[in-house]
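Structure record follows, encoded as structure tokens.
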Amino acid sequence: MGTILVVAETQKGAIREASYELVAVARGLAEAGGHEVNGLVIGSGVGELASEFASKGAGKTHVVDDAAAANYNVEIWSKAIKAAAAATGAELILISNTPTGWDVAPRVAAGLDAAFVSDIFKAENGEGGFKFVRRIFNGKLGAEISSKGQTVATVQPGAVSAFEGSSEGGTEALSSDTSAGVKFVEIKIAESTGVDLTKADVIVSGGRGVGAPEKFPEVIQPLADALGGAMGASRPVVDAGWLDHPYQVGSSGQVVAPKLYIAAGISGAIQHLVGMKASNFIVAINKDPDAPIFEVADVGIVADLFDIVPALTAAVTAAKG
Amino acid sequence: MKVMVCLKQVPHQDARLDVNADGTWIQEDNIKFEINSYDTYAVEEALRLKDAGDAEVVVVSIGPDRVTQALRTALGMGADRAIHVKDDAADAADALGTAKILAAIAKEEGADVIMTGLMSDDGNASAVPPMIAELVGIPSATGVTATEVSASSIKVERELEGGAYEVVELPIPCLMAIQTGANQVRYASLKGIMQAKKKPVDVKTLADLGLADSVGAAHNKTSTDKIYIPIKGDSAEILEGSTDEIVSQLVTKIKELGLL
Ligand SMILES: Cc1cc2nc3c(=O)[nH]c(=O)nc-3n(C[C@H](O)[C@H](O)[C@H](O)COP(=O)(O)OP(=O)(O)OC[C@H]3O[C@@H](n4cnc5c(N)ncnc54)[C@H](O)[C@@H]3O)c2cc1C
Ligand SMILES: Nc1ncnc2c1ncn2[C@@H]1O[C@H](COP(=O)(O)O)[C@@H](O)[C@H]1O
């Protein structure tokens with residue numbers, strides 16, 4: 001059988017956990033399909049990390065180690081992955097669905113004229129290709145996708161547990177063109193201003209379903225206040241300028257785990273869920289019984305938030321006496 | 001400078017999603033459609049370039065008749081002209097097929113800058129934009145939240161995770177896939193809508209683009225076998241009853257958590 005190529009990502013001088021999740025997906029497919037698993041590490045001074053990747057599941061690991069690759073660069077990465085695909089004849093190339101992965105993976109697929117499937121959370125061997133499961137419509141529906149021939153797939157971080165076994169294979173330098181027109185300038189971290197949701201015991205978050213900016217101070221904040229907690233929001237609320245970015249919960253906002261998280265008018269897209277699903281107790285209020293937020297909630301209320309939230313605020317206030 | 005904006009029309013975010021008869025896509029009859037949310041930010045970002053200098057903004061969409069509405073909206077916002085790829089075979093293309101069509105148009109137009117959304121709200125692929133760039137042979141950046149254009153390059157901010165951004169400089173020509181919230185999107189003014197009626201919408205088929213033999217269902221490398229409403233499993237306990245009953249059950253839970 002052919003080869004599955006697993007593309008590692010490094011972060012703060014280490015291989016990311018998500019890369020070992022890719023290894024787990026690859027090993028699962030290889031067990032059933034008899035594939036060989038190979039790794040790829042791209043960066044500057046990454047020799048030791050590549051050896052680690054090779055011995056912790058990725059097997060034989062190809063390395064593009066070049067000062068020019070010190071920071072992620074879309075051109076260097078796409079050329080390196082295509083070179084590794086050629087060197088290994090990979091049937092399947094697995095990349096994490098991270099800001100790096102979604103930037104480079106489709107380029108690789110187009111360059112190889114290969115099938116591309118993104119953000120999968122389950123993979124199986126198919127006939128002449130692979131079968132994947134993913135979500136569409138921002139998590140509202142599931143989809144089973146099959147690919148034909150050489151395939152590039154990105155895997156949702158956290159979808160499977162990281163591989164914890166070992167492997168043999170060693171590392172091998174891969175020569176790849178590291179020239180690029182795109183120039184890295186810097187990494188910027190958004191300044192945090194005032195609101196620190198991570199310290200709150202209770203968070204009451206409103207989503208696009210809240211419908212209008214004034215409803216946040218009128219409806220959402222009073223419940224947060226009554227419970228002695230903080231107000232949060234989903235991304236569209238922040239995008240629309242209704243609340244500032246520090247209120248945003250999710251993959252591109254704050255990751256929180258309060259004792260109680262109340263989500264009102266939030267559908268439950270994966271990018272929101274990763275920011276709050278570790279909460280101790282989750283209450284979801286949504287008028288759509290099929291909303292994916294109910295998949296992570298402990299308690300669900302299928303109703304109009306404008307009926308429930310003000311009544312709850314009044315009841316909580318009354319209970320406090 | 002010529003700016004090409006790729007926009008997709010997708011089911012309205014509040015549309016009812018029912019699985020169609022063969023179980024491979026949603027029932028599209030009698031639901032409302034809108035411009036993909038990410039793409040509205042791409043149109044706005046392109047129009048800001050136009051406002052700042054002498055850019056021509058060309059909006060391009062692949063889709064059935066209904067797509068005219070999305071293109072007219074973008075023209076009403078201020079885009080100069082539109083290209084509508086209307087061909088059943090194009091509608092059936094997978095992401096790579098779609099990218100091949102848009103890359104062919106980008107080359108034909110000689111676009112200096114291509115702007116797209118980061119992701120479509122229906123298929124959630126986040127696939128087409130980097131593919132277009134690879135096929136055209138130009139650099140790309142995805143998840144762009146800010147752009148600063150100079151004569152021969154564009155400095156962009158790419159959103160990473162948890163409040164971090166990567167600043168990169170792309171030489172022109174290049175492609176940018178715009179993230180939501182990158183700007184505040186304008187509405188089409190009444191005057192804009194009136195003017196849009198006179199703006200050209202070119203309709204093209206795959207044959208016009210020389211792609212009739214390479215794009216379409218028969219050439220797809222991926223296929224959707226089945227879509228379904230996910231089963232909720234052992235998740236939430238759903239509270240039933242009147243508002244008062246629901247609220248009193250909730251208050252009991254909150255007390256049990258020791259938060260009241
Ligand atoms: C790279 C990337 C990063 C992202 N980062 C984040 C992030 O950090 N945080 C985040 O939240 N999203 C993020 N997103 C966006 C995410 O994909 C979703 O688009 C977003 O979470 C949807 O927000 P929502 O649930 O408020 O809106 P919608 O999905 O539109 O849901 C609104 C919900 O409100 C319900 N509703 C409407 N009216 C009422 C009512 N009166 N009463 C009760 N319910 C009602 C509807 O049934 C619906 O379920 C990111 C996306 C990408 C691609
Ligand atoms: N049918 C289409 N017509 C025009 N642009 C499209 C089409 N499909 C995808 N795109 C562009 O590609 C982006 C990402 O879409 P996707 O890769 O499908 O998630 C969208 O935001 C659009 O800018």
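Throughout, protein chains are lettered first and strands after them, A, B, ... in sequence-line order, and every chain is numbered starting at 1.
Proximity to chain A (any heavy atom under 4.5 Å) is shown, for B/A99, by neither the backbone nor the side chain. Looking at A/A114, only its backbone comes within 4.5 Å of chain B, counting heavy atoms on both sides. Interface remark: A/F281 contributes side-chain atoms only to the contact with chain B (heavy atom separation under 4.5 Å). Residue contact with chain A, scored on non-hydrogen atoms closer than 4.5 Å, involves the side chain of B/Q184 exclusively. Heavy-atom distances place both the backbone and the side chain of A/S146 under 4.5 Å from chain B. Residue contact with chain A, scored on non-hydrogen atoms closer than 4.5 Å, involves the side chain of B/L257 exclusively. Looking at A/V283, only its side chain comes within 4.5 Å of chain B, counting heavy atoms on both sides. For chain B, no part of A/Q254 is nearby; none of its heavy atoms comes within less than 4.5 Å. Of the two parts of A/A153, neither the backbone nor the side chain holds a non-hydrogen atom closer than 4.5 Å to a non-hydrogen atom of chain B. Using a 4.5 Å cut-off between heavy atoms, A/A226 makes no contact with chain B at all. Both the backbone and the side chain of A/R135 come within less than 4.5 Å of a heavy atom of chain B. No part of A/A303 comes within reach of chain B, as not one of its non-hydrogen atoms sits under 4.5 angstrom from that chain. Using a 4.5 Å cut-off between heavy atoms, A/V133 touches chain B through its side chain atoms alone. Neither the backbone nor the side chain of B/A95 comes within contact range of chain A; no heavy atom of the residue lies under 4.5 Å from a heavy atom of that chain. For A/V316, the parts sitting under 4.5 Å from any heavy atom of chain B are the backbone and the side chain alike. When heavy atoms are compared at a cutoff of 4.5 Å, A/V255 does not approach chain B at all. Interface remark: A/F132 contributes no atoms to any contact with chain B (heavy atom separation under 4.5 Å). With a 4.5 Å cut-off on non-hydrogen atoms, A/P236 does not touch chain B at all.
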Go through B/N124 and A/D119 one step at a time and tell me if the side chain to side chain donor-acceptor pair (under 3.5 Å) criterion holds.
-> CA-CA 9 Å; B/N124 295 163; A/D119 207 24; over 6 Å; no

With side chain to side chain contact (heavy atoms under 4.5 Å, CB included) as the test, would you mind laying out the steps for A/I301 and B/I238 before giving the verdict?
-> CA-CA 6 Å; A/I301 298 145; B/I238 302 293; over 6 Å; no

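Applying the ring pair (Phe, Tyr, Trp, His ring centres under 6.0 Å) test to A/W102 and every residue at least two apart in sequence or in another chain returns nothing.
Looking at A/V182 and B/E169, their side chains never come closer than 4.5 Å, going by heavy atoms from C-beta outward. Side-chain contact check for B/V167 versus A/I187: every heavy-atom pair is 4.5 Å or farther apart. By the 4.5 Å heavy-atom criterion applied to side chains, B/L259 and A/K259 are counted as neighbours. Using a 4.5 Å heavy-atom threshold, the side chains of A/V117 and B/K221 count as separate. A 4.5 Å side-chain heavy-atom check between B/E134 and A/K82 finds at least one atom pair inside the cut-off. Residues A/T98 and B/L160 are not in side-chain contact: their nearest non-hydrogen atoms beyond the backbone lie 4.5 Å or more apart. Within the 4.5 Å cutoff, side-chain heavy atoms of A/L260 are placed close to those of B/I254. Residues A/E295 and B/I231 are not in side-chain contact: their nearest non-hydrogen atoms beyond the backbone lie 4.5 Å or more apart.
Among the candidates B/V251, B/L118, B/D122, B/I132, the residue making the largest number of heavy-atom pairs closer than 4.5 Å to chain A is B/D122. Contact count against chain A (heavy-atom pairs under 4.5 Å) is highest for B/E237 among B/E237, B/R16, B/E157. Heavy-atom pairs under 4.5 Å with chain A were tallied for B/P139, B/G258, B/A141; the largest tally goes to B/P139. Ranking A/Q248, A/Q271, A/R208 against chain B, the residue ahead of the rest is A/R208, based on heavy-atom pairs under 4.5 Å. When each of A/K131, A/K140, A/E75 is checked for heavy-atom pairs under 4.5 Å with chain B, A/K140 comes out on top. When the candidates A/V108, A/N138, A/N97 are compared by the number of heavy-atom contacts under 4.5 Å with chain B, A/N138 comes out ahead.
The closest donor-acceptor contact from the side chain of A/S118 to the backbone of B/A125 lies under 3.5 Å. The closest donor-acceptor contact from the side chain of A/R107 to the backbone of B/P129 lies at 3.5 Å or more, if one exists at all. Checking side-chain atoms of B/D225 against main-chain N and O of A/I145 turns up no donor-acceptor pair under 3.5 Å.
For the atom pair OG of B/S37 and CG of A/D239, the computed distance is 8.0 Å after rounding to the nearest 0.5 Å. In this structure, the separation between CD1 on B/I246 and CG on A/D307 is 9.0 Å, given to the nearest 0.5 Å. The structure places CD1 of B/I229 at 6.5 Å from CG of A/L141, a figure rounded to the nearest 0.5 Å. Atoms CG and NZ, on B/N220 and A/K148 in that order, are 7.0 Å from each other to the nearest 0.5 Å. Taking OG of B/S120 as the reference point, atom CD1 of A/I136 lies at 9.5 Å (rounded to 0.5 Å). To the nearest 0.5 Å, atoms OG1 (B/T180) and CZ (A/R235) are separated by 4.0 Å.
Ion pairing between a basic and an acidic side chain is recognised when a charged N comes within 4.0 Å of a carboxylate O; B/K100 and A/D113 show such pairing. A salt bridge is absent between B/K253 and A/D298; no separation between the charged side-chain nitrogens and carboxylate oxygens falls under 4.0 Å. Using a 4.0 Å cut-off between a side-chain N of Lys or Arg and a carboxylate O of Asp or Glu, A/R16 and B/E161 qualify as a salt bridge. Under 4.0 Å is where a charged nitrogen must lie from a carboxylate oxygen, and between B/R158 and A/E186 no such pair does.
Residues A/A115 and B/T222 approach most closely at CB-CG2, 3.8 Å, considering heavy atoms. Looking at every heavy atom in both residues, B/K255 comes nearest to A/A319 through CE-CB, 4.2 Å. In this structure, B/S126 and A/P106 approach most closely via the heavy-atom pair O-CG, 3.6 Å.
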